[in-house]
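Written out below as C-alpha coordinates is the structure these notes cover.
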Amino acid sequence: MLKHARVSDPEVYKLTLEELTRQEHNIEMIASESTAALEVMELTGSIWTNKTLEGYPGARFQAGSHVADKLETLANQRAMDLYGADHVNLQPYSGSTANYAVYSAVLKPGDRVLGMRLDQGGHLTHGSPANFLSKVYQFDFYGVNQETETIDYEALEKKAKEFQPKLIIEGGSSYPRLIDYERIGAIAKSVGAFSMVDMAHVSGLIAAKVIPSPVPHTDFVSSSTTKTFCGPRSGMVLCKKEFAKQLDRGVFPGALGSMHLHTMAAKAWCFKQMAGAEYKVAMTQVVKNAKKLAEELAKYGFRIVSGGTDNHLILADLRPKGITGKVFQDALDSVGITVNKNQIPFDPEKPTIASGVRIGLTSVTQRGLKEKEIEAIAKIMDKVSSAPEDEANLKACREQAEKLIANFPLYPAGSFDD
Ligand SMILES: *Cc1c(COP(=O)(O)O)cnc(C)c1O
(Lines give C-alpha, C1' and ligand atoms only; values in the text may rest on other atoms or scores of the structure.)
Protein backbone atom coordinates (compact mmCIF):
# COMPACT_ATOMS: atom_id res chain seq x y z
CA MET A 1 0.00 0.00 0.00
CA LEU A 2 1.18 3.54 -0.77
CA LYS A 3 4.44 2.35 -2.28
CA HIS A 4 5.69 5.87 -3.04
CA ALA A 5 4.52 7.68 0.10
CA ARG A 6 5.98 4.81 2.13
CA VAL A 7 9.44 5.84 0.92
CA SER A 8 9.09 9.64 0.83
CA ASP A 9 7.06 10.11 4.02
CA PRO A 10 7.33 7.21 6.47
CA GLU A 11 5.48 9.17 9.17
CA VAL A 12 2.25 9.61 7.22
CA TYR A 13 2.64 6.10 5.79
CA LYS A 14 2.82 4.65 9.30
CA LEU A 15 -0.29 6.53 10.44
CA THR A 16 -2.20 5.27 7.41
CA LEU A 17 -1.18 1.71 8.17
CA GLU A 18 -2.16 2.20 11.81
CA GLU A 19 -5.61 3.43 10.77
CA LEU A 20 -6.05 0.47 8.40
CA THR A 21 -5.28 -1.85 11.31
CA ARG A 22 -7.78 -0.03 13.53
CA GLN A 23 -10.50 -0.33 10.90
CA GLU A 24 -9.72 -4.00 10.33
CA HIS A 25 -9.89 -4.94 14.00
CA ASN A 26 -12.88 -2.81 14.96
CA ILE A 27 -16.59 -3.51 14.81
CA GLU A 28 -17.44 -0.22 13.10
CA MET A 29 -21.00 0.88 13.88
CA ILE A 30 -20.99 4.64 13.40
CA ALA A 31 -24.19 5.19 11.40
CA SER A 32 -22.56 7.62 8.96
CA GLU A 33 -19.78 5.21 8.02
CA SER A 34 -19.34 2.61 5.32
CA THR A 35 -16.46 0.98 3.50
CA ALA A 36 -15.51 2.29 0.06
CA ALA A 37 -14.65 -0.25 -2.64
CA LEU A 38 -11.07 -0.60 -3.89
CA GLU A 39 -12.22 0.95 -7.18
CA VAL A 40 -13.34 4.06 -5.28
CA MET A 41 -9.85 4.21 -3.72
CA GLU A 42 -8.24 3.84 -7.16
CA LEU A 43 -10.33 6.49 -8.84
CA THR A 44 -10.15 9.04 -6.02
CA GLY A 45 -6.38 8.55 -6.07
CA SER A 46 -6.19 8.97 -9.85
CA ILE A 47 -4.90 11.59 -12.30
CA TRP A 48 -8.33 13.26 -12.39
CA THR A 49 -7.02 15.27 -9.43
CA ASN A 50 -4.74 17.19 -11.82
CA LYS A 51 -7.48 18.78 -13.91
CA THR A 52 -9.05 22.09 -12.90
CA LEU A 53 -12.45 22.72 -14.38
CA GLU A 54 -15.30 25.13 -13.78
CA GLY A 55 -18.69 25.28 -15.47
CA TYR A 56 -20.62 22.48 -17.15
CA PRO A 57 -20.09 20.16 -20.14
CA GLY A 58 -20.08 22.32 -23.27
CA ALA A 59 -19.71 25.56 -21.27
CA ARG A 60 -16.38 25.46 -19.46
CA PHE A 61 -14.09 28.22 -18.29
CA GLN A 62 -10.91 26.21 -18.99
CA ALA A 63 -9.52 24.42 -22.03
CA GLY A 64 -8.69 20.72 -22.13
CA SER A 65 -12.13 19.70 -20.95
CA HIS A 66 -13.27 17.30 -23.67
CA VAL A 67 -12.48 14.10 -21.72
CA ALA A 68 -13.82 15.45 -18.44
CA ASP A 69 -17.01 16.51 -20.26
CA LYS A 70 -17.55 12.88 -21.23
CA LEU A 71 -16.97 11.76 -17.64
CA GLU A 72 -19.40 14.24 -16.12
CA THR A 73 -22.04 13.51 -18.77
CA LEU A 74 -21.72 9.76 -18.15
CA ALA A 75 -21.89 10.18 -14.37
CA ASN A 76 -24.93 12.47 -14.64
CA GLN A 77 -26.78 10.03 -16.89
CA ARG A 78 -26.09 7.11 -14.57
CA ALA A 79 -27.27 9.11 -11.53
CA MET A 80 -30.50 10.20 -13.23
CA ASP A 81 -31.21 6.62 -14.37
CA LEU A 82 -30.51 5.18 -10.92
CA TYR A 83 -32.72 7.62 -9.01
CA GLY A 84 -35.29 8.27 -11.76
CA ALA A 85 -34.54 12.00 -11.52
CA ASP A 86 -35.06 14.70 -14.18
CA HIS A 87 -31.77 16.43 -13.41
CA VAL A 88 -28.66 15.99 -11.28
CA ASN A 89 -25.70 18.11 -10.28
CA LEU A 90 -22.73 16.03 -9.15
CA GLN A 91 -20.35 18.90 -8.44
CA PRO A 92 -20.94 19.42 -4.69
CA TYR A 93 -17.92 18.34 -2.64
CA SER A 94 -19.93 16.70 0.14
CA GLY A 95 -23.37 16.50 1.70
CA SER A 96 -22.89 19.81 3.52
CA THR A 97 -21.94 21.72 0.40
CA ALA A 98 -24.78 20.04 -1.50
CA ASN A 99 -27.14 21.68 1.00
CA TYR A 100 -25.37 25.03 0.75
CA ALA A 101 -25.75 24.84 -3.04
CA VAL A 102 -29.52 24.33 -2.79
CA TYR A 103 -29.82 27.25 -0.37
CA SER A 104 -27.77 29.37 -2.74
CA ALA A 105 -30.07 28.32 -5.61
CA VAL A 106 -33.42 29.14 -3.99
CA LEU A 107 -32.94 31.48 -1.00
CA LYS A 108 -32.09 35.12 -0.41
CA PRO A 109 -30.59 36.34 2.87
CA GLY A 110 -33.31 36.68 5.48
CA ASP A 111 -35.57 34.03 3.90
CA ARG A 112 -37.35 31.58 6.18
CA VAL A 113 -36.50 27.89 6.32
CA LEU A 114 -38.25 25.12 8.23
CA GLY A 115 -36.16 22.08 9.18
CA MET A 116 -36.15 19.19 11.63
CA ARG A 117 -34.75 19.87 15.09
CA LEU A 118 -31.14 18.84 15.41
CA ASP A 119 -31.73 17.17 18.78
CA GLN A 120 -34.53 15.06 17.28
CA GLY A 121 -32.73 13.81 14.21
CA GLY A 122 -31.94 16.83 11.99
CA HIS A 123 -28.50 17.99 10.80
CA LEU A 124 -26.06 20.78 11.62
CA THR A 125 -26.54 22.26 8.12
CA HIS A 126 -30.32 22.51 8.64
CA GLY A 127 -30.17 25.65 10.76
CA SER A 128 -28.13 24.86 13.86
CA PRO A 129 -27.14 28.07 15.73
CA ALA A 130 -23.56 26.75 15.55
CA ASN A 131 -23.63 26.87 11.72
CA PHE A 132 -23.03 30.21 9.92
CA LEU A 133 -26.21 29.81 7.85
CA SER A 134 -28.25 30.47 10.97
CA LYS A 135 -27.00 34.07 10.61
CA VAL A 136 -28.00 34.25 6.92
CA TYR A 137 -31.49 32.72 6.94
CA GLN A 138 -34.24 32.56 9.53
CA PHE A 139 -34.69 28.97 10.63
CA ASP A 140 -37.52 27.40 12.57
CA PHE A 141 -38.00 23.76 13.42
CA TYR A 142 -40.42 20.86 13.61
CA GLY A 143 -39.88 17.70 15.61
CA VAL A 144 -41.24 14.36 16.68
CA ASN A 145 -44.28 13.40 18.70
CA GLN A 146 -43.25 12.61 22.28
CA GLU A 147 -45.23 9.34 22.42
CA THR A 148 -44.45 7.82 19.04
CA GLU A 149 -41.05 9.50 18.57
CA THR A 150 -41.90 9.84 14.88
CA ILE A 151 -42.37 13.10 12.96
CA ASP A 152 -45.41 15.05 14.13
CA TYR A 153 -46.89 15.85 10.72
CA GLU A 154 -49.87 17.82 12.10
CA ALA A 155 -47.57 20.09 14.09
CA LEU A 156 -45.31 20.42 11.05
CA GLU A 157 -48.24 21.53 8.90
CA LYS A 158 -49.41 24.01 11.53
CA LYS A 159 -45.92 25.46 11.86
CA ALA A 160 -45.53 25.70 8.07
CA LYS A 161 -48.80 27.69 7.85
CA GLU A 162 -47.77 30.07 10.62
CA PHE A 163 -44.12 30.50 9.66
CA GLN A 164 -44.61 30.67 5.86
CA PRO A 165 -41.13 29.34 4.98
CA LYS A 166 -39.55 29.62 1.55
CA LEU A 167 -38.03 26.14 1.97
CA ILE A 168 -38.96 23.03 3.98
CA ILE A 169 -36.15 20.56 4.71
CA GLU A 170 -36.70 16.86 5.39
CA GLY A 171 -34.25 14.16 6.34
CA GLY A 172 -31.67 13.91 9.06
CA SER A 173 -28.79 12.13 10.71
CA SER A 174 -30.43 10.12 13.43
CA TYR A 175 -33.97 9.38 12.36
CA PRO A 176 -34.59 5.61 12.22
CA ARG A 177 -37.99 5.72 10.54
CA LEU A 178 -39.39 6.28 7.06
CA ILE A 179 -40.43 9.84 6.23
CA ASP A 180 -43.71 10.58 4.45
CA TYR A 181 -42.14 12.61 1.63
CA GLU A 182 -45.41 12.85 -0.25
CA ARG A 183 -47.16 14.42 2.71
CA ILE A 184 -44.42 16.97 3.47
CA GLY A 185 -44.04 17.76 -0.25
CA ALA A 186 -47.77 18.54 -0.37
CA ILE A 187 -47.53 20.72 2.77
CA ALA A 188 -44.65 22.66 1.17
CA LYS A 189 -46.68 23.21 -2.01
CA SER A 190 -49.71 24.36 0.00
CA VAL A 191 -47.69 27.15 1.64
CA GLY A 192 -45.76 28.07 -1.51
CA ALA A 193 -42.43 26.70 -0.24
CA PHE A 194 -39.76 24.69 -2.02
CA SER A 195 -39.21 21.18 -0.62
CA MET A 196 -35.80 19.63 -0.11
CA VAL A 197 -35.00 16.14 1.15
CA ASP A 198 -31.51 15.64 2.53
CA MET A 199 -31.13 11.90 2.00
CA ALA A 200 -27.47 11.83 3.09
CA HIS A 201 -27.90 8.83 5.39
CA VAL A 202 -30.25 6.75 3.29
CA SER A 203 -29.27 7.45 -0.34
CA GLY A 204 -27.93 3.91 -0.74
CA LEU A 205 -31.08 2.29 0.62
CA ILE A 206 -33.13 4.48 -1.73
CA ALA A 207 -30.98 3.65 -4.77
CA ALA A 208 -31.42 -0.06 -4.04
CA LYS A 209 -35.19 0.50 -3.67
CA VAL A 210 -35.10 -0.99 -0.18
CA ILE A 211 -36.97 2.07 1.17
CA PRO A 212 -39.20 4.55 -0.72
CA SER A 213 -37.70 7.40 -2.74
CA PRO A 214 -38.32 11.11 -2.16
CA VAL A 215 -37.57 11.94 -5.82
CA PRO A 216 -41.17 11.93 -7.16
CA HIS A 217 -42.45 14.14 -4.32
CA THR A 218 -39.67 16.66 -3.78
CA ASP A 219 -38.21 19.67 -5.61
CA PHE A 220 -34.58 19.10 -4.53
CA VAL A 221 -32.90 15.99 -3.11
CA SER A 222 -29.40 16.42 -1.67
CA SER A 223 -27.00 13.76 -0.46
CA SER A 224 -23.56 12.71 0.69
CA THR A 225 -22.03 9.92 -1.36
CA THR A 226 -20.56 8.15 1.67
CA LYS A 227 -22.83 6.66 4.40
CA THR A 228 -25.15 4.00 2.88
CA PHE A 229 -24.10 5.20 -0.60
CA CYS A 230 -20.69 3.61 0.19
CA GLY A 231 -18.78 5.87 -2.22
CA PRO A 232 -16.19 8.66 -2.18
CA ARG A 233 -16.30 11.66 0.18
CA SER A 234 -18.49 13.79 -2.03
CA GLY A 235 -22.06 14.91 -2.63
CA MET A 236 -24.84 15.52 -5.15
CA VAL A 237 -28.21 17.18 -5.70
CA LEU A 238 -31.11 15.83 -7.76
CA CYS A 239 -33.99 18.09 -8.81
CA LYS A 240 -37.09 18.49 -10.93
CA LYS A 241 -36.65 19.63 -14.52
CA GLU A 242 -38.05 23.11 -13.93
CA PHE A 243 -35.33 23.87 -11.36
CA ALA A 244 -32.36 22.49 -13.35
CA LYS A 245 -30.90 25.84 -14.41
CA GLN A 246 -31.53 27.40 -11.02
CA LEU A 247 -29.76 24.52 -9.27
CA ASP A 248 -26.77 24.55 -11.62
CA ARG A 249 -26.28 28.29 -11.05
CA GLY A 250 -26.68 27.73 -7.31
CA VAL A 251 -23.87 25.15 -7.34
CA PHE A 252 -21.52 27.04 -9.68
CA PRO A 253 -20.85 29.93 -9.42
CA GLY A 254 -23.34 30.33 -6.55
CA ALA A 255 -21.66 28.22 -3.91
CA LEU A 256 -18.61 26.36 -5.15
CA GLY A 257 -15.44 26.65 -7.21
CA SER A 258 -13.79 24.11 -9.47
CA MET A 259 -15.22 20.62 -9.55
CA HIS A 260 -13.54 17.51 -8.11
CA LEU A 261 -13.07 15.14 -11.01
CA HIS A 262 -11.44 12.39 -8.94
CA THR A 263 -14.59 11.92 -6.87
CA MET A 264 -16.74 12.44 -9.99
CA ALA A 265 -15.03 9.38 -11.51
CA ALA A 266 -15.62 7.37 -8.34
CA LYS A 267 -19.28 8.41 -8.20
CA ALA A 268 -19.73 7.34 -11.83
CA TRP A 269 -18.35 3.91 -10.90
CA CYS A 270 -20.66 3.72 -7.87
CA PHE A 271 -23.84 4.51 -9.81
CA LYS A 272 -23.17 1.55 -12.08
CA GLN A 273 -22.57 -0.78 -9.13
CA MET A 274 -25.59 0.51 -7.26
CA ALA A 275 -27.90 -0.50 -10.11
CA GLY A 276 -26.74 -4.12 -9.73
CA ALA A 277 -28.16 -7.10 -7.85
CA GLU A 278 -25.23 -7.42 -5.45
CA TYR A 279 -25.74 -3.94 -4.05
CA LYS A 280 -29.45 -4.57 -3.58
CA VAL A 281 -28.70 -7.76 -1.64
CA ALA A 282 -26.26 -5.86 0.58
CA MET A 283 -28.66 -2.97 1.28
CA THR A 284 -31.50 -5.41 2.02
CA GLN A 285 -29.27 -7.13 4.56
CA VAL A 286 -28.29 -3.77 6.14
CA VAL A 287 -31.94 -3.16 7.06
CA LYS A 288 -32.43 -6.78 8.21
CA ASN A 289 -29.39 -6.47 10.46
CA ALA A 290 -30.59 -3.15 11.89
CA LYS A 291 -33.99 -4.65 12.71
CA LYS A 292 -32.30 -7.67 14.25
CA LEU A 293 -30.01 -5.54 16.45
CA ALA A 294 -32.98 -3.43 17.61
CA GLU A 295 -34.87 -6.60 18.55
CA GLU A 296 -31.93 -8.14 20.39
CA LEU A 297 -31.02 -4.99 22.32
CA ALA A 298 -34.67 -4.59 23.34
CA LYS A 299 -34.57 -8.14 24.75
CA TYR A 300 -31.62 -7.08 26.90
CA GLY A 301 -33.58 -4.14 28.28
CA PHE A 302 -32.36 -1.27 26.10
CA ARG A 303 -35.20 1.04 25.04
CA ILE A 304 -35.24 1.44 21.27
CA VAL A 305 -36.36 4.95 20.27
CA SER A 306 -39.61 4.82 18.22
CA GLY A 307 -39.78 1.09 18.96
CA GLY A 308 -37.57 -0.04 16.08
CA THR A 309 -36.10 0.95 12.74
CA ASP A 310 -36.92 1.02 9.02
CA ASN A 311 -33.41 1.86 7.84
CA HIS A 312 -29.74 1.25 8.61
CA LEU A 313 -29.63 2.85 12.07
CA ILE A 314 -31.08 2.54 15.52
CA LEU A 315 -31.16 4.89 18.48
CA ALA A 316 -30.94 3.16 21.84
CA ASP A 317 -32.06 4.90 25.03
CA LEU A 318 -29.69 3.78 27.80
CA ARG A 319 -31.59 5.13 30.78
CA PRO A 320 -33.14 1.73 31.62
CA LYS A 321 -29.55 0.41 31.86
CA GLY A 322 -28.52 3.22 34.21
CA ILE A 323 -25.68 4.54 32.01
CA THR A 324 -25.18 7.57 29.76
CA GLY A 325 -24.31 7.73 26.07
CA LYS A 326 -20.85 9.02 26.89
CA VAL A 327 -20.05 6.19 29.31
CA PHE A 328 -21.34 3.55 26.89
CA GLN A 329 -19.56 5.02 23.86
CA ASP A 330 -16.23 5.08 25.71
CA ALA A 331 -16.66 1.58 27.15
CA LEU A 332 -17.60 0.15 23.74
CA ASP A 333 -14.67 1.95 22.11
CA SER A 334 -12.31 0.31 24.57
CA VAL A 335 -13.54 -3.14 23.49
CA GLY A 336 -13.32 -2.33 19.76
CA ILE A 337 -16.97 -1.53 19.03
CA THR A 338 -17.37 1.98 17.60
CA VAL A 339 -20.69 3.84 18.04
CA ASN A 340 -21.51 7.43 18.92
CA LYS A 341 -23.34 8.96 21.84
CA ASN A 342 -26.47 10.69 20.64
CA GLN A 343 -29.28 12.65 22.19
CA ILE A 344 -32.66 10.96 22.11
CA PRO A 345 -35.84 13.02 21.53
CA PHE A 346 -36.59 15.17 24.61
CA ASP A 347 -33.26 14.17 26.13
CA PRO A 348 -32.65 15.59 29.62
CA GLU A 349 -28.88 15.24 29.10
CA LYS A 350 -26.74 17.69 27.15
CA PRO A 351 -25.25 16.57 23.78
CA THR A 352 -21.79 15.90 25.26
CA ILE A 353 -23.27 13.34 27.69
CA ALA A 354 -26.52 12.20 25.95
CA SER A 355 -28.91 9.48 27.08
CA GLY A 356 -28.50 7.37 23.99
CA VAL A 357 -26.24 5.94 21.34
CA ARG A 358 -26.73 5.86 17.58
CA ILE A 359 -25.76 2.57 15.97
CA GLY A 360 -25.44 1.93 12.23
CA LEU A 361 -25.21 -1.40 10.46
CA THR A 362 -23.79 -0.52 7.04
CA SER A 363 -20.09 -1.24 7.58
CA VAL A 364 -20.54 -4.54 9.42
CA THR A 365 -23.05 -5.73 6.83
CA GLN A 366 -20.59 -4.94 4.03
CA ARG A 367 -18.10 -7.17 5.82
CA GLY A 368 -20.58 -10.04 5.65
CA LEU A 369 -22.08 -10.09 9.13
CA LYS A 370 -25.60 -11.51 9.29
CA GLU A 371 -28.26 -12.06 11.95
CA LYS A 372 -26.22 -14.67 13.84
CA GLU A 373 -23.28 -12.31 14.32
CA ILE A 374 -25.60 -9.39 15.14
CA GLU A 375 -27.01 -11.51 17.97
CA ALA A 376 -23.47 -12.02 19.25
CA ILE A 377 -22.72 -8.27 19.03
CA ALA A 378 -25.88 -7.44 21.00
CA LYS A 379 -24.77 -9.88 23.67
CA ILE A 380 -21.33 -8.24 23.92
CA MET A 381 -22.94 -4.78 24.05
CA ASP A 382 -25.18 -5.88 26.89
CA LYS A 383 -22.19 -7.32 28.76
CA VAL A 384 -20.30 -4.04 28.34
CA SER A 385 -23.30 -2.06 29.60
CA SER A 386 -23.59 -4.24 32.72
CA ALA A 387 -20.16 -3.15 34.03
CA PRO A 388 -18.77 -0.42 31.75
CA GLU A 389 -15.89 0.45 34.06
CA ASP A 390 -14.86 -3.06 35.13
CA GLU A 391 -11.49 -3.84 33.50
CA ALA A 392 -11.91 -7.63 33.68
CA ASN A 393 -15.34 -7.41 32.05
CA LEU A 394 -14.07 -5.12 29.31
CA LYS A 395 -11.09 -7.39 28.62
CA ALA A 396 -13.38 -10.41 28.18
CA CYS A 397 -15.65 -8.40 25.88
CA ARG A 398 -12.69 -7.14 23.83
CA GLU A 399 -11.51 -10.70 23.22
CA GLN A 400 -14.99 -11.77 22.07
CA ALA A 401 -15.35 -8.76 19.76
CA GLU A 402 -11.92 -9.29 18.21
CA LYS A 403 -12.59 -12.96 17.60
CA LEU A 404 -15.92 -12.23 15.97
CA ILE A 405 -14.69 -9.60 13.51
CA ALA A 406 -11.49 -11.48 12.61
CA ASN A 407 -13.57 -13.83 10.44
CA PHE A 408 -14.84 -10.95 8.26
CA PRO A 409 -12.00 -9.10 6.51
CA LEU A 410 -12.47 -5.41 5.71
CA TYR A 411 -10.96 -5.89 2.23
CA PRO A 412 -10.04 -9.11 0.42
CA ALA A 413 -6.71 -10.55 1.61
CA GLY A 414 -3.72 -9.04 -0.19
CA SER A 415 -5.59 -5.92 -1.39
CA PHE A 416 -2.88 -3.58 -0.18
CA ASP A 417 0.20 -5.72 -0.89
CA ASP A 418 2.49 -4.24 -3.51
C1 LIG B 1 -23.75 13.63 7.00
C2 LIG B 1 -24.83 14.55 6.68
C3 LIG B 1 -24.56 15.74 5.99
C4 LIG B 1 -23.18 16.21 5.70
O5 LIG B 1 -22.55 15.45 4.78
P6 LIG B 1 -20.96 15.52 4.58
O7 LIG B 1 -20.78 14.64 3.39
O8 LIG B 1 -20.38 15.01 5.85
O9 LIG B 1 -20.63 16.95 4.32
C10 LIG B 1 -25.64 16.53 5.63
N11 LIG B 1 -26.89 16.18 5.96
C12 LIG B 1 -27.16 15.07 6.66
C13 LIG B 1 -28.57 14.74 6.97
C14 LIG B 1 -26.14 14.21 7.04
O15 LIG B 1 -26.42 13.12 7.72
Side-chain angles (χ1 to χ4, degrees), residues 28-36 40 44 79 89-104 113-128 130-134 137 139 141-144 151 167-179 181 184 195-207 211 213-214 218 220-238 251 255-257 259-260 262-264 266-267 270 286 290 309-315 339-343 351 358-363:
E28 202 65 69
M29 300 179 97
I30 305 261
S32 49
E33 291 187 5
S34 54
T35 308
V40 170
T44 53
N89 190 307
L90 291 173
Q91 295 193 7
Y93 310 144
S94 74
S96 316
T97 44
N99 290 345
Y100 300 159
V102 176
Y103 302 159
S104 120
V113 184
L114 182 61
M116 179 137 91
R117 289 174 58 142
L118 182 61
D119 61 353
Q120 298 189 357
H123 188 259
L124 198 62
T125 55
H126 299 179
S128 155
N131 183 284
F132 79 103
L133 289 174
S134 66
Y137 310 117
F139 285 92
F141 302 93
Y142 60 89
V144 300
I151 292 172
L167 175 69
I168 298 183
I169 306 174
E170 310 155 55
S173 319
S174 55
Y175 190 68
R177 291 306 195 175
L178 299 180
I179 295 173
Y181 303 123
I184 304 182
S195 54
M196 175 184 115
V197 169
D198 178 346
M199 63 167 181
H201 261 270
V202 290
S203 55
L205 303 176
I206 290 166
I211 63 170
S213 171
T218 314
F220 298 90
V221 178
S222 64
S223 188
S224 299
T225 56
T226 51
K227 310 189 184 183
T228 54
F229 190 106
C230 307
R233 302 217 71 95
S234 190
M236 66 172 176
V237 183
L238 307 162
V251 174
L256 306 176
M259 60 195 286
H260 292 184
H262 62 312
T263 51
M264 180 73 72
K267 282 182 281 190
C270 288
V286 166
T309 178
D310 300 314
N311 58 28
H312 63 302
L313 71 85
I314 65 180
L315 261 186
V339 304
N340 64 277
K341 60 180 181 288
N342 209 102
Q343 282 187 301
R358 184 185 70 158
I359 312 169
L361 281 296
T362 316
S363 294

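Just so you know, ligand 1 is whichever comes first in the structure, and atom 1 is the first atom listed for that ligand.
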Side chains of T362 and K227, heavy atoms from C-beta outward: is any pair under 4.5 Å?
no
Within the 3.5 Å criterion, strictly below it, is a donor on D198 or H126 matched to an acceptor on the partner's side chain?
yes
With a 4.5 Å limit on heavy-atom distance, are the side chains of S174 and Q343 in contact?
no
Heavy-atom contacts with ligand 1 below 4.0 Å: which residues, ordered by chain and residue number?
S94, G95, S96, N99, H123, G172, S173, D198, A200, H201, S224, K227
Could you tell me how the ring of Y103 sits relative to the ring of Y137: parallel (under 30°), tilted (30 to 60°) or perpendicular (over 60°)?
perpendicular
Would F132 and Y100 count as a close aromatic pair, with their ring centres under 6.0 Å?
yes
Contact check, side chains of F141 and Q120, non-hydrogen atoms, under 4.5 Å
no
